[in-house]
Amino acid sequence: LGYVFMLVLVLLVSIRVAYPLNKMSKVAHVLGKGNFDVKIPVVRGKDEVAQFAKAFNRMRDSLVEYIENLKDETDKNLRMESELNVARNIQLGILPKDEDEENVCDSRLKISAFLEPAREVGGDFYDFFPLDKDHVVLQIADVSGKGVPAALFMMAVRTQIKSLALAKHPINEVFDETNKRFCRKNESNMFVTVWMGI
């Protein structure tokens, strides 16, 4: 019964995480080609996947708004810089700043983080979050490449890893499953190097 229960739990988590991420990956590909009319999949709930979908939707809406406001601008460089600044603010806004923000209530820890992308946006990221009252997950990662493609890949990988870790999977299973999912349909051959500890 225990094995059956674990199998059902793994399948439910996979369906909950993999299906929306796969759809959002396709949407990211369309967005990357400049089509901002694409519909963002609706993910209900309060978990990381739902938050990622909402952030993705806000990013798309912000980009559309800024593009509309800058249509009359003749300087293409100014418009590009403005769009990248929006993307930068969104990217940096999803990363945790300190342990209070992530509710890491452990007097043994003092966490503070800082990220300065080489360009306006990039693929480097870090994350930390409580696994339970006695354990905290820490991770540092670097996506291959620079710019917007690396930033989009970073957001998807971070969400995937966090969802699996919060489902109490061991680190090796988190990495194995994440690797399998992001090797599928990876036409751009992007990859990410990740260190994670609990």
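All heavy atoms count here, side chains included; hydrogens, waters and symmetry mates do not.
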**Student:** How long is the straight-line distance from CG of L166 back to CD1 of I161, given to the nearest 0.5 Å?
**Tutor:** 12.0 Å

**Student:** Out of curiosity, E173 CD to T178 OG1, how far, rounded to the nearest 0.5 Å?
**Tutor:** 11.0 Å

**Student:** So, taking the atom named CE in M6 and the one named CG in L1, what distance separates them when rounded to the nearest 0.5 Å?
**Tutor:** 13.5 Å

**Student:** Can you give me the closest heavy-atom contact between D127 and R158, atom names plus distance?
**Tutor:** OD2-NE, 3.3 Å

**Student:** Can you sort out the partners of F182 under ring-ring contact (aromatic ring centres under 6.0 Å, His included), two or more places apart, ordered by chain and number?
**Tutor:** F153

**Student:** Working to the nearest 0.5 angstrom, can you tell me the gap between K180 NZ and F175 CZ?
**Tutor:** 14.5 Å

**Student:** If you compare all heavy atoms of L164 against all heavy atoms of H169, which two are closest, and at what distance to 0.1 Å?
**Tutor:** O-CD2, 3.1 Å

**Student:** Any heavy-atom pair between the side chains of V157 and F125 that's under 4.5 Å?
**Tutor:** yes

**Student:** In Å, rounded to the nearest 0.5 Å, how long is the span from CD1 of I171 to CG of D176?
**Tutor:** 12.0 Å

**Student:** Which atom pairs, donor and acceptor, lie under 3.5 Å between side-chain atoms of residues 132-140 and protein residues at least two apart or in another chain?
**Tutor:**
from, atom 1, to, atom 2, distance (Å)
D132, OD1, D134, N, 2.8
D132, OD1, H135, N, 2.9
D132, OD1, H135, ND1, 2.9
D132, OD2, H135, ND1, 3.3

**Student:** Could you tabulate the donor-acceptor pairs under 3.5 Å formed by side-chain atoms of residues 189-198, not counting sequence neighbours?
**Tutor:**
none

